[in-house]
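Worksheet: the structure to be examined is printed underneath.
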Amino acid sequence: MKKPPRPPAAASAPRNLRVATLAYDGLCTFEFGIAVEMFGQPRPELPAWYDFRVCAVERGPLRAAGGLRVRADGGLETLEDAGTVIVPGWRGADASPPPKLLVALREAHARGARLLSFCSGAFVLAATGLLDGRRATTHWRHADALAARFPRIRVEPDVLYVDEGLLLTSAGSAAALDLSLHLIRRDHGPQVANQVARRAVVPAHRDGGQAQFIPSPLPAQGEALGALLEWMRRRLDRPLPLAELAARARTSERTLLRRFEAATGRSPRQWLIEERLGRARELLEGSRLSVEQIADRCGYGHADSLRHHFRRALGLSPMRYRERFGHRGAATTRMTLPEKP
């Protein structure tokens, strides 16, 4: 199991909430739309949200995929006071970014701005030289090209996103949603990220280390297996031996193992480890439960087992994780927890 990316700071809104998203001729409409949905939608129910702007890389008209045209709020000068800059894809892996854009991105980074790339936008960040010696990712179809053209970058082709502090890169298309929610979670805590995810009707949290794609995502028994996965999620506090799972799925253990790996890319045991770890992280971030209580609710049996899995996967103890990444309101916010069946 890959280690998920470790957020560099506890959840606290950054001082500079200005987000500038690049627009260019040949704009990737889907990736641009994700930036708008995640950071540009008004959210009056939240006390502090991002100030969203669109930055034109070049003079218009700026055409986007699907026959759309985009009117920007300004040119590259828009980046001068941005706290976060998003590169929503690029017009082609072989298309060289304008030198003025590269200079503007380097200057923004030097001022402390965070630079995010969605999908092929990683080629733009790579061209700045800022990713040299760092980890990065892009769409799996472009990963080899990125590694060949920029050998100083440690390209990770099979993850959803990589967080290197001020430099964040995501894999293809929808992985931009995961990276965006990860950053919102980093800035505002899990409750706000969950609220944004619910509004967008997308999963609230997928670790960056999760695989980009699975060769056979829809096995013949997909619906039955989906029901089994939900049944397992409701019983993470219990031992779930393979024999019980196979009986529940009305199949043999060997057949279940084959179907389970085809659908999830993991064995039932690996899947349970990740689900339990994810549940434990949510409870550490957003509840006041003790480590012992969380270990019990997540099926670890004992706090020592929870500590072992946390150190192995995240390099932190549960308490250290809570200190670093716990939501500021966790001490006073009550979290709704599932009742034990």
Side-chain angles (χ1 to χ4, degrees), residues 5 7-9 12-28 31-40 48-60 62 70-91 93 95-138 146 149-150 152-154 161-170 176 179-188 208:
S12 59
R15 293 180 180 178
N16 188 343
L17 288 169
R18 298 184 186 93
V19 176
T21 297
L22 301 185
Y24 48 88
D25 195 40
L27 180 64
C28 297
E31 286 80 358
F32 180 77
I34 289 174
V36 175
E37 174 66 29
M38 291 289 102
F39 301 99
W49 196 242
Y50 303 100
D51 176 11
F52 184 82
R53 306 171 186 181
V54 178
C55 168
V57 171
E58 55 219 335
R59 291 187 176 183
L62 302 177
V70 178
R71 178 180 294 177
D73 297 309
L76 291 176
E77 73 280 356
T78 309
L79 304 186
E80 293 176 359
D81 60 354
T84 302
V85 179
I86 300 175
V87 186
W90 190 238
R91 48 184 162 234
S96 298
K100 289 184 178 180
L101 171 61
L102 300 182
V103 171
L105 290 174
R106 293 188 193 105
E107 290 177 348
H109 180 266
R111 289 191 296 269
R114 302 177 298 193
L115 307 185
L116 280 69
S117 69
F118 297 164
C119 195
S120 56
F123 285 85
V124 176
L125 294 191
T128 67
L130 296 171
L131 291 177
D132 289 357
R134 299 178 180 273
R135 299 176 303 125
T137 193
T138 186
L146 183 66
R149 191 175 308 169
F150 302 98
R152 294 184 180 179
I153 299 175
R154 289 177 283 164
Y161 57 82
V162 172
D163 181 344
E164 286 279 343
L166 294 180
L167 297 163
L168 302 93
T169 54
S170 77
L179 177 57
S180 298
L181 286 168
H182 166 73
L183 189 63
I184 293 169
R185 181 186 180 95
R186 206 175 101 177
D187 289 348
H188 301 284

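Because the structure is a prediction, the values reported are computed rather than measured.
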Checklist entry - Can you tell me if CZ on Arg152 sees more than 12 non-hydrogen neighbours from other groups inside 6.0 Å? => result no
Item to check | Side-chain heavy atoms of Thr21 within contact of Cys55, under 4.5 Å | outcome: no
Next on the checklist: Between Arg114 and Asp187, does any side-chain N to carboxylate O distance fall below 4.0 Å?
Outcome noted: yes
Next on the checklist: Using the side-chain contact (heavy atoms from CB on, under 4.5 Å) definition, which of the options Val103, Val57, Val124 pairs with Pro98?
Outcome noted: Val57
Checklist outcome for this item: CG (Leu22) and SG (Cys28) are apart, to the nearest 0.5 Å, by 11.5 Å
Checklist entry - If you look only at pairs with a residue in residues 74-83, which of them pass as a salt bridge (Lys or Arg N to Asp or Glu O under 4.0 Å), with sequence neighbours excluded? => result Arg18-Asp81, Arg53-Asp81
Checklist entry - Which class fits the ring pair Tyr50 and His188: parallel under 30°, tilted 30 to 60°, perpendicular over 60°? => result perpendicular
Checklist entry - Out of Asp163, Thr169, Val87, Leu183, which residue meets the side-chain contact (heavy atoms from CB on, under 4.5 Å) rule with Leu116? => result Leu183
Checklist entry - Considering all heavy atoms of both residues, which atom of Ala82 and which atom of Ala20 are nearest to each other, and what is their separation? => result CB-CB, 3.9 Å
Checklist entry - To the nearest 0.5 Å, how far apart are CZ in Phe118 and CE in Met38? => result 9.0 Å
Next on the checklist: What I'd like to find out is whether the side chain of Ile153 reaches to under 4.5 Å of the side chain of Arg134, using heavy atoms alone.
Outcome noted: no
Checklist entry - Leu168 versus Tyr161: any side-chain heavy-atom pair under 4.5 Å? => result no
